[in-house]
Amino acid sequence: PPPLEMSFGDLPLRPVTPLPSSITAAPPLPGRRSVMVTILAVLWMISIPLHLATGLLIAWKANGALAVLAALSGLLLAILAAAMAFGLWTRSPWARVLQLAIAGLGIFLCAFAPASITVLIYLLRPVAEAQFATPKTAPRDPSDGLFAVFLLGTVLLGAVLTGGAVFLLGYAGRPVY
């Protein structure tokens with residue numbers, strides 16, 4: 001069949017010529033970030049404005065040194081959250097170690113203990129450790145999705161428990177009429 005001639009206005013359209021064989025494709029990308037590591041990084045990103053807002057809100061309600069302490073605590077927690085978000089997103093080895101330490105503390109110190117336990121179990125597995133190795137590798141992890149769903153569920157549970165506690169404590173000091 002004769003070649004199909006097409007034009008765009010006054011410009012004739014020619015078929016695309018293949019690249020010369022001397023040009024090669026880009027090297028393969030390093031291993032992909034797991035869903036679980038991505039969710040952890042995003043949760044840290046979300047917590048940055050929350051830490052800032054909480055620190056400022058408490059500082060606004062408090063007086064003197066307590067107000068300064070609240071504002072500085074919120075700022076320091078936001079800086080920590082930003083560092084963790086960056087470290088997890090880039091899969092830096094130090095971020096895994098620090099996330100393990102924070103999750104270990106979280107078991108004893110907050111309503112998000114089930115989420116902390118989930119993170120510890122996930123990050124202590126060799127397949128998760130490989131996410132932070134150099135060079136980055138990403139072996140297929142069939143349980144990654146299950147861990148992600150469990151983490152999101154436990155974070156939601158922790159948020160509900162924290163919200164309930166704040167609500168109840170807010171009304172605990174008020175007189176009943």
With hydrophobic residues grouped by side-chain heavy-atom distances under 4.5 Å, do I117 and L100 end up in a single group? yes
Grouping I, L, V, M, F, W and Y whenever their side-chain heavy atoms are under 4.5 Å apart, do L152 and L120 come out in a common cluster? yes
Using a 3.5 Å distance criterion without hydrogens, assess whether the side chain of T54 forms a donor-acceptor pair with backbone atoms of H51. no
Main chain of V35, side chain of D144: is a donor-acceptor contact present, judged purely on distance under 3.5 Å? yes
Shared hydrophobic cluster, M84 / I107 (ILVMFWY, side-chain heavy atoms < 4.5 Å): yes
Atom pair CD (E129) and CG (L123), whose distance is rounded to the nearest 0.5 Å: 9.5 Å
Just how far is it from atom CG of L52 to atom CG of L76, taken to the nearest 0.5 Å? 10.5 Å
Donor-acceptor contact present, side-chain S92 to main-chain A95, <3.5 Å: no
Is it true that a side-chain atom of T162 and a backbone atom of A159 form a donor plus acceptor pair closer than 3.5 Å? no
Taking every non-hydrogen atom, the tightest pair across G87 and T90: O-OG1, 3.4 Å
If you look at every heavy atom in V37 and R91, which pair is closest and at what distance? CG1-CG, 4.2 Å
Rounded to the nearest 0.5 Å, how far does CG of L57 lie from CG of L50? 12.0 Å
Within this structure, what is the CD1-CD1 distance for the pair I39 and I46, rounded to the nearest 0.5 Å? 10.0 Å
Whether Q131 side chain and R32 backbone form a donor-acceptor pair below 3.5 Å: yes
Please report the closest heavy-atom contact between A67 and A59, naming both atoms and the distance. O-CB, 3.2 Å
With a 4.5 Å cut-off on side-chain heavy atoms, are V97 and P93 touching? no
Out of curiosity, K61 NZ to L56 CG, how far, rounded to the nearest 0.5 Å? 13.5 Å
Looking at CG of L80 and CG of L98, how far apart are the two atoms once the value is rounded to the nearest 0.5 Å? 6.0 Å
Quick check on the hydrophobic clustering: are L88 and I102 connected, directly or via other members, by side-chain heavy-atom contacts under 4.5 Å? yes
Any V155 side-chain heavy atom under 4.5 Å of F112 side chain: yes
If every non-hydrogen atom of R33 is compared with every non-hydrogen atom of W89, which pair is closest and at what distance? NE-O, 2.9 Å
Minimum heavy-atom distance between I48 and A78, given as atom pair plus value: O-CB, 3.8 Å
Does a donor on one side chain sit under 3.5 Å from an acceptor on the other, for Y122 and S143? no
Smallest heavy-atom separation, M45 atom then A85 atom, equals CG-CB, 3.6 Å
